[in-house]
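In what follows, a single structure is set out as structure tokens and then discussed.
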Amino acid sequence: MSSSEDDRPLAAVRGARTNGTSSTVSADTNGTTPGPIPTNKNSKSVSSRLDKMANKSTNGVRPINAAGISLVNGSVEDSGDLRRGKRKGHQAPIKESSSSEDSDAPLNKRRRTSNGIRKENGFKQEDISSDDDDVPLAKKAAAKRRNMPLTTLVKREKKPPAPPGGGSSDSDIPLATAKLAKEKQRIEQKAAKPAKEMRAEENKATTAAGAKRKSAGNANTSELAKKAGKAPPKKTNGVKKEESSDDDVPLAKKRKGAAQKPIESTKKATGKKTKDIDTKPTAAKGKGKAKEETPAEADEEEEEEYKWWENQAETDGTQKWTTLMHNGVLFPPAYESLPKHVKMKYGGVEVTLPLEAEEVAGFFGAMLDTQHASNPTFAENFFKDFQAILKHVNILSFQKCDFKPMYDYFEEKKAEKKALGLAGRKALKAEKDKAEEKYLYCYLDGRKEKVGNFRVEPPGLFRGRGEHPKTGMVKARVQPEQVTINIGKEATVPAPPPGHSWADVIHDNTVTWLATWKENINGNIKYVMLAATSSLKGMSDFKKFEKARELKNHIDRIREDYTRDLKSELMADRQRATAMYLIDKLALRAGNEKSDDEADTVGCCSLRYEHITLEPPNVVVFDFLGKDSIRFYQKTPVIHQVFKNLKIFKKAPKTKGDMIFDRLDTTQLNKHLQNYMQGLSAKVFRTYNASWTMQEQLDEIPNEGAVHEKYAAYNLANKKVAILCNHQRTVSTTHETMMQKQEEKIKGLRYQKLRLKRMILSLEPTRKKKNPAFFKPDPEIDDEEWIKEHQFSLVEQEKERITKKFEKDNEKLQENGEKVLKDKELKERLQVIKDMEAEFKTENKTGKIEPKRGATVEKLEAQIQKMEERIKKQETEAQVREDNKTVALGTSKINYIDPRLTVMFCKKYGVPIEKIFAKTLRDKFKWAIESADGDWKF
DNA sequence: CTAAGCGAGTCGGGATTCAGTAT
DNA sequence: CATACTGAATCCCGACTCGCTTA
């Protein structure tokens, strides 16, 4: 760990970057846009750091529930004890830090303690002030601030939420060039599209493009476009401002105009749709509907779908819609009792349970073969809830319960379903689809939008992730009486299931949910919302990334400030600064407080003593469970002051269980961040650093080579971001066996290669002398034992193959009413096996193989060549598989990497977008695909 | 030898539902 | 604190790949 460099204060590092004096490859072209802080020193820093992380992070396999304790030992009557013993039973009563004064109160292990705080206060005077010899501070900062880019100032004064695409450094791209570039891209993109999609868009694209091309010289784009029957092809957000050749209409006016149109059309559409949707639930349900619109048709014709990103109608954001129509939620089917012969047993005797109890027992029965069933907490929680529902039935001991009959029954059912065959299952699916059809879409401001999770969550046993104290509890069935519907005033309220009523029906257009209810396990509120592809979600996604981009304009100052504050005399400030450093550098989450009935996971602000280990001079080891109980393990060098601070924050009497940042919480932190930029919060740093890193990584990819190479490079960049964000996945249970299989396969190929070489030698023994290197034995397979085994399995395979074929042939013959082959025939066919064995035998003895008839050295060499390629392919594949076994790329792609970066990459590098964004992502990121081009910058 | 067909196994993607953050 | 929204891993199923056979 070359500590000397890492010790450099951030400011210095940044300075180097900003001056453009650093040799940094990743240095920003215009030299002003700041990178993420992690860029510690030189060009390689980010990647090397990430690589380090990758290696260090122990390939963080998710910790499996340690308790492998089987339930078989110990009776249910014990469960109380188990429970008590389990978690922090030893914990001292919690003292609220604010109130308590008694200094001899025992330290609470999890929360910050009054005790701890007082001590900190004491030390504050001596320690903090003393270690602060090198006071920089206020003056410097003020000076720096004066240097702040003008844009920043202007923007902040004028309009808080900068119009998308406004405001930033890219505005100096000449419009004409930009337009041309964009058009080029559009064409290229079209070319890259798969035929099917292309056809769909052909008309649109060509006319629009044509119109545009004509207009390029002189005229008014939008006019021509209108003539072509299209909305003006506006470029919106992101790169170019719409400062337009268009005309001299002030921007504001234009925006208004744009905003108005959709509203009008909305109204019209609304009217139409209202009728539509209103009648559906009542009359037209069954037949009328089916013929009236195959979904595909309907989609293509109407719509002229809403491209929200093409008009800047910035509502203030609190109102989410004006009209809203939907059909409510879909409840899971009612429980059907099991057949009479399927019963759980208690003490070996079949018991008849009340319906509700049977259902719950079934929940457990269905999970017998999962990890959960052997988790004591799970069983305990389940059993407690189970007993509560049993009423008078006398079941007191979990050990005496036998759910196996239920399990078997479910397995049977599964098998039945499988046996239905493809056709049968298709039919079932069609039926289900039909039942769901009306819930799939809603109408928001008259536009058809996809609903996300319209299915009410079915009852079951709560799983929870990590060591969740509530795992195994019964998740109750949700009744319509618990569900509140949110819908437009003008819309028909969907009817609750017969005999039921809704909890409430409201018309709140400041929220986006269509329905809500409260879940019984944690008391969390669940919502039915629109799908990720909807305009509402799209817009907020867009805003999220714009916010992250805006952070660019403030990040320098923020970093300066917190670097300075690392030495603050105020404990609270110093902690805050340190936390910000960690959030910025390590992409930690904010770390809200959690209660005792949740899994014990932490983020930055909730880090505790035991989560950080200090290794002088400047390395910090983080080891804790983060969101979803995913382990965060990282050894990383930090700047000196941070190291010093963490040492202070861990100072006695603090000990295991105490908060590191006892003077800080997420609310304070975010409040502080708001001072820098509206809407800035801790999580924005994650988005920012992720996208920034991606941009940096993409910039380093050479624009050459085959598409698949570029794609691989993209994935590598993606992977770095995933590692930055600590996105892990559990190694699949099959991983190891799959790796072994693959290795075996590779070995087999190598053996084949070896044999080919031996054949050459049989043809021309002299070659060995001419080219000894070529015929050198392959070190990978010099193991005779293995060779023999392998030969044996090859022989076996061959036998099986021949036998199978024989049987198949016979079947065919039988079908045709012909004579069946005799066993003698089979024996004859199996004669080759003998040959094989003989061949192996001599091969093993002499090292020689008779090549097949007609074989020539040239042919054999060609085969060897091919074999080598296959081996190489398999090997790289295996490598990637191994490398990625714990890294999940998806999450960062979906949530953190600005999709416009990907679009930019694809357009610039000529990689088809569908290679990187699957169908749903293309839908979700439509706004990005249509608005970014090859020179877009985050 | 190539193209097409075939079946098993793998993989990717969407659905699910829980876990966070933010105000 | 409740509310509302984003973010997250995993489950599960369908589709596609791959190696092999057959025409």
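Below, chains carry the letters A, B, ... as their sequence lines are ordered, and counting in each starts from 1. Just so it is clear, the model here is predicted, and its values are computed rather than measured.
Here A/K544 reaches the OP1 or OP2 of C/dG7: one of its side-chain N or O atoms lies under 4.0 Å away. Residue A/R631 places none of its side-chain N or O atoms closer than 4.0 Å to OP1 or OP2 of C/dA9. A close approach under 4.0 Å does occur between a side-chain nitrogen or oxygen of A/R425 and OP1 or OP2 of C/dG14. Between A/T734 and the phosphate of B/dT10, there is no side-chain N or O to OP1/OP2 separation shorter than 4.0 Å. OP1 or OP2 of C/dA8 has at least one side-chain nitrogen or oxygen of A/Y896 nearer than 4.0 Å.
Salt-bridge formation is detected for the pair A/E457/A/K475: a Lys NZ or Arg NE/NH1/NH2 atom is positioned less than 4.0 Å from an Asp or Glu carboxylate oxygen.
A/N453 places its CG atom 13 Å from the C1' atom of C/dT6, with the value rounded to the nearest Å. Computed from coordinates, the A/H468 NE2 to C/dT10 P distance equals 16 Å when rounded to whole Å. Between A/F685 atom CZ and B/dA22 atom C1' the separation is 15 Å, expressed in whole Å. Between the CG atom of A/N592 and the P atom of C/dT3 there is a distance of 17 Å, rounded to whole Å. A/L530 places its CG atom 14 Å from the C1' atom of C/dT6, with the value rounded to the nearest Å. One atom, CZ of A/R589, and another, P of C/dC5, lie 21 Å apart when rounded to the nearest Å. Here the P atom of nucleotide B/dT21 and the NZ atom of A/K543 are 23 Å apart, to the nearest Å. One interatomic measurement links the two molecules: NZ of A/K537 to P of C/dA4, which rounds to 13 Å at whole-angstrom precision.
Counting only heavy atoms from C-beta on, A/K745 has its side chain closest to C/dG19 among C/dG19, B/dT10, B/dG20. Ranking B/dG14, C/dA8, C/dG14 by closeness to the A/N895 side chain, first place goes to C/dA8. Considering only side-chain atoms of A/T512, the nucleotide from C/dC5, B/dT17, B/dA22 that sits closest is C/dC5. The side chain of A/W513 has C/dC5 as its nearest neighbour among B/dG14, C/dG7, C/dC5. Residue A/K683 places its side chain closer to C/dG7 than to any other of C/dG19, C/dT10, C/dG7. Among the nucleotides B/dA22, B/dT16, B/dG20, the one closest to any side-chain atom of A/K594 is B/dG20. Checked against C/dA8, C/dC5, C/dT3, the side chain of A/I525 finds its nearest nucleotide in C/dT3. Considering only the side chain of A/I630, C/dA9 comes nearest among C/dA9, B/dA15, C/dG7.
Nucleotides of DNA chain C nearest to A/H727 and A/Q874 differ in position, and the one nearer the 5' end is that of A/H727. Comparing A/A918 and A/L680, the nucleotide of DNA chain B nearest to each residue sits closer to the 5' end for A/A918. With the nearest nucleotide of DNA chain B identified for both A/A682 and A/G452, A/G452 has the one nearer the 5' end. Residue-to-nucleotide proximity on DNA chain C shows that, of A/T891 and A/R463, the 5′-proximal contact is made by A/T891.
The residue A/K426 sits apart from the nucleic acid: no heavy atom pair falls under 4.0 Å. Contact annotation for A/S540: backbone-only contact, meaning every heavy-atom pair under 4.0 Å involves sugar-phosphate atoms and none involves a base. Within 4.0 Å of A/K741, counting heavy atoms only, lie sugar-phosphate atoms of the nucleic acid but no base atom. Residue contacts shown for A/Q674 are limited to sugar-phosphate atoms, with no base heavy atom under 4.0 Å away. Residue A/T666 is out of contact with every strand shown, counting any heavy-atom pair closer than 4.0 Å. Residue A/K475 is classed as a sugar-phosphate contact, given heavy-atom separations below 4.0 Å to backbone atoms only.
Atom CG of A/N381 is separated from atom NE2 of A/H372 by 13.0 Å, given to the nearest 0.5 angstrom. Here the OG1-NE2 distance, from A/T730 to A/H735, works out to 11.5 Å after rounding to the nearest 0.5 Å.
In this model, no side-chain donor or acceptor of A/K919 finds a partner on the base of B/dG13 within 3.5 Å.
Residue-environment remark: NZ (A/K450) stays at or below the threshold of 12 foreign heavy atoms within 6.0 Å.
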- prompt: Could you go step by step and tell me if A/D665 and A/C605 meet the side-chain contact (heavy atoms from CB on, under 4.5 Å) rule?
  reply: CA-CA 6 Å; A/D665 63 36; A/C605 293; 5.5 Å; no
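The ring of A/F542 has its center closer than 6.0 angstrom to the ring center of A/W308. Residues A/Y751 and A/H790 place their aromatic rings such that the two centres sit under 6.0 Å apart.
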